[in-house]
Amino acid sequence: MSATEEAPLVRLEGVGKRYGNIIALRDIDLEVGASEITCVLGDNGAGKSTLIKIVAGLHRHDEGVFRVEGEKVSFGSPREALERGIATVYQDLAVVPLMPVWRNFFLGSEKRTGAGPFKRLDIPFMRSTAKRELLDMGIDLRDVDQPIGTLSGGERQCVAIARAVYFGAKVLILDEPTAALGVKQAGVVLRYIAQARERGLGVIFISHNPHHAYPVGDRFLLLKRGRTLGYHTKEDISLAELTAEMAGGAELEELAHELESAGVQGAPELREDARDLGVSD
Amino acid sequence: MSATEEAPLVRLEGVGKRYGNIIALRDIDLEVGASEITCVLGDNGAGKSTLIKIVAGLHRHDEGVFRVEGEKVSFGSPREALERGIATVYQDLAVVPLMPVWRNFFLGSEKRTGAGPFKRLDIPFMRSTAKRELLDMGIDLRDVDQPIGTLSGGERQCVAIARAVYFGAKVLILDEPTAALGVKQAGVVLRYIAQARERGLGVIFISHNPHHAYPVGDRFLLLKRGRTLGYHTKEDISLAELTAEMAGGAELEELAHELESAGVQGAPELREDARDLGVSD
Amino acid sequence: MTIAPPAADERIAARSSFRKLLGRPEIGALIGAIVLFVFFSLVADAFLRASSFSTVLYSSASMGIMAVSVSLLMIGGEFDLSAGVMVTSSALIASMFSYELTLNVWVGVVVSLVVTLALGFLNGLLYVRTGLPSFIVTLGTFFMLAGLNLGFTKLITHNVATPSIEDMDGFSQARAVFARDFTIGGVQVNISVLWWIVFVAIATWLLLRTRSGNWIFAVGGSAASARAVGVPVTRTKIALFMGVSFTAWFYGMHILFNFKSVQSGEGVGNEFFYIICAVVGGCLLTGGYGSAIGAAIGAFIWGMTSNGIVYAEWNPDWFKFFLGAMLLAATVVNLVVRRRAEAGK
Amino acid sequence: MTIAPPAADERIAARSSFRKLLGRPEIGALIGAIVLFVFFSLVADAFLRASSFSTVLYSSASMGIMAVSVSLLMIGGEFDLSAGVMVTSSALIASMFSYELTLNVWVGVVVSLVVTLALGFLNGLLYVRTGLPSFIVTLGTFFMLAGLNLGFTKLITHNVATPSIEDMDGFSQARAVFARDFTIGGVQVNISVLWWIVFVAIATWLLLRTRSGNWIFAVGGSAASARAVGVPVTRTKIALFMGVSFTAWFYGMHILFNFKSVQSGEGVGNEFFYIICAVVGGCLLTGGYGSAIGAAIGAFIWGMTSNGIVYAEWNPDWFKFFLGAMLLAATVVNLVVRRRAEAGK
Amino acid sequence: SSGGKKADEQATKALNGSGGPRLKIAMVTHSAQGDAFWDIVQKGAQSASAKDNVQFLYAADPDGGKQAQLVQSYIDQHVDGLIVTLAKPDALKDVVAKAVAAKIPVVTINSGAEESAKFGALAHFGQDENIAGQAAGEQLNKAGIKKAVCLIHEQGNVGLEARCAGAKKTFSGQMQNLFVQGANMPQVKSAVTAKLQADKGIDGILALNAQIALTAVDAAKGSGSKAKVATFDMNKDLVTAIKDGRIQFAVDQQPYLQGYEAVDELWLYKRNGDILGGGQPVLTGPAIVDKSNADAVAPYADRGTR
Ligand SMILES: Nc1ncnc2c1ncn2[C@@H]1O[C@H](COP(=O)(O)OP(=O)(O)OP(=O)(O)O)[C@@H](O)[C@H]1O
Ligand SMILES: Nc1ncnc2c1ncn2[C@@H]1O[C@H](COP(=O)(O)OP(=O)(O)OP(=O)(O)O)[C@@H](O)[C@H]1O
Ligand SMILES: [Mg+2]
Ligand SMILES: [Mg+2]
């Protein structure tokens, strides 16, 4: 499947994960090669975040095999993953609320200057870089020294994304990066993802929005209740099919009818919207 | 504007709010009547959450007048807002991670049984209600005794929404309720909002998705950098105009071009998507 | 979605009921306690006698009564460093008030109750008004109370201890309520042990079955979230501080009527033992998690350890070493049990 | 969006530079300190003399040296309750090792450094391995060390204090490094004051200008997030525990060479005073926020208060009352200042 | 009562040969951990135990209630004899009565001379801290001191307060208490320095423990004060300091005697039904150690038994 003869950057085979007696994942296969975008889609609680946390080194898998560039691994910490060039945007963002924005941006990958015992943080560089990267995303912060906890939800999300994009070397993992974003910012993030592919990175992209996922994705993994519901390449599946498979059947059609019959003003639009959501194609 | 002669449920006049020297809001007007849905739209960091936190009683406004049913108020705590029938879904959800799902669901509005000193929690009722309300939203929890901190992001969001819908008596405030939700769950939430209007509630609905906001909304407040950018009734504005105003100009058009010229597979879909996002109508 | 959930959820692995039992928070501490019990039974002959058990129980109760309210406060996310000296304050107040005015001791008991509750209220009020961490606020009141205890006692009695009130009106009834020994099955048990059990039961009921309990968990787990959904955070916290002062009063009365006189310098340092009991019993220092029964088991572990070392006739120079080792051992056992239970395969 | 931001952001209200200054975390504590200073200058004649100031500084340094590392540890989200007795342990080790083997005292100093660092490492290791809260782990080691201090001292010296090492080889050099008094402008100042300032400067640099400092704030602010972005959380925490043990060693050496002999029971309870200094200086108990300079100011507040009460010749029976009142007053001033600064209109 | 002791020792020797089961004797005091005074008491008790073939147990807690609990623990263990300090007589009254009821002979030491017999104890060794304090006050008068401070290193401690109160009673000059944190030598030093800086008129310091006294000497020197230092209790360095004249005198309650006599008395009682003191307290001090007799005491202090 991969364009090159090399082993894919990340490959999961039959991976499973339990939290105590809660089975979050079972028998999942996944592959991301260089210059490829794999989308993970699925309902709430399907296990998407759990899956990417395994790849990011935050959890260890209990079953199956996890390979990075062909080599069997089991990361003990996210640091190990980072060292192999895997950068992640977590759904809960993983920021330290009381720390300034720029410190959060560079946390764990600080830029330093000077030598020996006088090696110190390159603060002007870090501040200006953080400010610039965010501005590029359309976030004009008042002050990069503001504790990140005082930013709005979307601003925080943008910091996490900008950070991962900045540090991602080989693989970029994005867990619902566009969830809290405005229209403009979401567009920027999609562009980033496409750019990352162009730079030869492998991307794992989680989203609830098929309109965001389909245009950029090369492969689509559909999860349901911790199991694989489908695993498609782009050629195998159309946007409409994908959306239908994500939404899980006839319920939305029903909803649209219901709203319309209730005489909700604007229901035609919602109906249209429901169609977008994959009910009728 | 309101359909009835009565004072609107919630009315803000020239409201402003500062966090220290940070000016988050300035001179905002807003109105929600019974059986009305007011959407608040805007970029990340525009001040939407700050605005609804004032209505929810979490913050006090610094300037302007805030009226509930015509009466001038300044809530000292969310409890006061709740007592006036204003229920809120916060963007950060406001759940207590270590507590079981059902306790979180009923937190602050516990159902009790028995009398006098033996007044106690009606645990079976609360457990079954929480389970049922979530199931209605398409969230089939393994166990309502699970600490809410171990739920997935979308599941947590659903708990917060289900709770607000269950307790909302007069006004329902929803801050990006559909952000972390799957296609199905998002549809359910939109239906809830429409149903709440039918039941005579006033709703304040925040969203980044004009496709979610336009069909259900009656009034649209657009914020930008803490100020009002526009305040429209549905008759005044079409979906396309709204989206264009939200996205803020030509940047997305540019993005779509860019992707297309980069030869990104599926760019036509993204282009289409970009159109949806309000670039060309 | 209106489909009923499948009868057995395929997303949950089967788990034996034994494992389920192990999942309860107190069980870890309980097993730690059992391990210690077995250990001391083996190394100390005297440990297994009924009379020794009653001594251990009494010793546990003397920590446990305060640990109940302290654990509630900790679940609510706060500390009270003044808890130790407040016990002494309440005993001093009751004793000096009755003695100096030559009144029935019950008058002193009631005055002490009122003043001690007021102290707890003050702690709570200072906490919510200043917004300082409770650690700092109650540290301030701790020092102040310690100073007042000594200062007033020396001012009034010209001594560092109060005179005995044994011969005063009402003493024997009060002693019957707060400090009587009675015999069960040939073993003398102090009534404070019973009171301890009663308090633990009430606190458990409160935590798990009442609205207030829900609020306590919530304000400790996330005060901001609790406030956002309408929990009266300040009221709950003040009530918790007053709960501590209530048990401080109660335990102060026990000390007064058991030992007849009170030293003004007593009680300093005990606040940490109460916190230790709560933490050993599974309360989180950061709040939002724990149980009153756990704190009781923590107190029991404490009672067993501190007396067990004496029964085992170990060299007293190393007393604290053993105490520390036991404490660590008990908590590690607690932890291992809980982990096993959670892994639960 | 490629438009440059407007030169002056319209979303920020103007703020005087005075206000900006007030916004720094240490300034609150500093103003608290100044208020106390003025207060004691007014009530105690002797307070304003240069020699008194040097006494206050010495007293502050004796808390402050440990408060530096304890505040770093607290910013990193942990407690070390064994910090107080570890000072005594390190002094005992150095003293007994040199004395019993009749070696140059420097040998004892080095052995003590190695052992004390190992103790800190052990604290850290126990913490990360067991996953128990550091409060409990270091409570365990606190008791164990206290026991070992007494047990070993009695075993080796047959006494509860070590013999004087004043006449041993190397004593005077070691004293010159750790405990010498020298004269500046006619006033005797102890070298520990200088060391204190050096430590505070190093810690401040570490916190604000180095990668380690970033990690310390991060592991204290949110260990899970820090781990997720690749901060080596366990390594950072262990290093913080070892930092505490390093200053414990240093301060232990000061005590040894200043007072020549060490009592095995010393140090108990001081751990809380270190924490108090850190918290008064603005460190959050929950971690992730604070400064070394703040802790130094906290220590200075402590030194002023505890000696100021003596200078003011207040009745010592009420000593603790005044101490508590001052502590509360200083922190409230601190808080009010910070609030004002934040409101900043 | 040196004659009595000699007699005891002889009697002991005579009885030692007769064998018999090993006795178990427990001592419970109100000492804080690691207190030098009580360490010497233990040493006395231990050497008597070694000689008498007694198993000696020791526990201590400064809190009256907890001390009572410890006594109860030993009653549970059915020890053969109990040695208790009555620093807080009321707190221990009941438990001593329990011991007596359980036919465990009780001897009191150190404090509680008045209550000892009332509570049913066989004998009392030692004298009130207050009396020791009175001796110190008289010595201070002799040294010509006019204004003194008494250093309390554990606030609210009954024994320490009693020493200062006793000294105040007989001291003809002016005496104040000063609270110092005993667990923290630098703080002791700075508090004493501060006191001397605040009141230049102070010409005497009465410490209640040897290490504190030596620190007070340092502090006096550092602050340029001429204050003379005296103390309770001793150790090796302190005797040297007395010889040097840095310290005026030490009030020695001969704690070794208190421990030794108490164990011996219990052993004698068990073996021979002997009771010392005839219902009256047996005094073990105070002995004053100053320049004149420091040399004689030095070897014992060296050994850590005085
Ligand atoms: N507690 C606070 N202290 C300081 N600044 C704050 C605080 N809370 C919010 N702000 C600032 O106020 C502005 C408005 O924030 P708000 O959360 O209201 O934005 P929002 O419109 O909800 O954005 P989003 O769509 O990303 O949720 C932001 O720029 C944020 O940085
Ligand atoms: N730490 C945990 N302990 C127990 N159960 C957990 C834990 N983390 C997740 N789960 C459970 O595992 C399942 C999968 O969670 P996950 O976060 O991977 O879902 P998701 O697909 O990312 O959902 P969403 O779209 O809502 O983010 C959920 O049902 C959740 O309840
Ligand atoms: Mg997820
Ligand atoms: Mg928001």
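Below, each value reflects all heavy atoms present in this structure, side chains not excepted, and no hydrogens, waters or symmetry copies. These numbers come from a predicted model, not from an experiment. Numbers restart at 1 for each chain; the letters A, B, ... are given by sequence-line order, proteins then strands.
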(message) For chain D, which candidate among C:V160, C:T130, C:L81 shows the most heavy-atom pairs at distances under 4.5 Å?
(response) C:T130

(message) Heavy-atom pairs under 4.5 Å with chain D: which of C:N315, C:L284, C:V279, C:N149 has the most?
(response) C:V279

Could you tell me whether the side chain of [Y] reaches within less than 4.5 Å of the side chain of [X], counting heavy atoms only?
| X | Y | result |
| --- | --- | --- |
| D:I275 | C:F135 | yes |
| D:L148 | C:W318 | yes |
| C:F143 | D:T305 | no |
| C:L328 | D:L126 | yes |

(message) Please identify, among D:L323, D:L139, D:V332, the residue contributing the most non-hydrogen atom pairs under 4.5 Å to chain C.
(response) D:L139

(request) Identify which part of C:F272 has an atom lying under 4.5 Å from any heavy atom of chain D, answering side chain, backbone, both or neither. (result) side chain

(request) Report the C-alpha distance between D:F321 and C:L145 in whole Å, list the side-chain angles of each, state the deciding distance to 0.1 Å, and finish with yes or no for side chain to side chain contact (heavy atoms under 4.5 Å, CB included). (result) CA-CA 7 Å; D:F321 175 75; C:L145 277 184; over 6 Å; no

(request) State, to 0.1 Å, how close C:K320 and D:A146 come at their nearest heavy-atom pair, and which atoms those are. (result) CD-CB, 3.7 Å

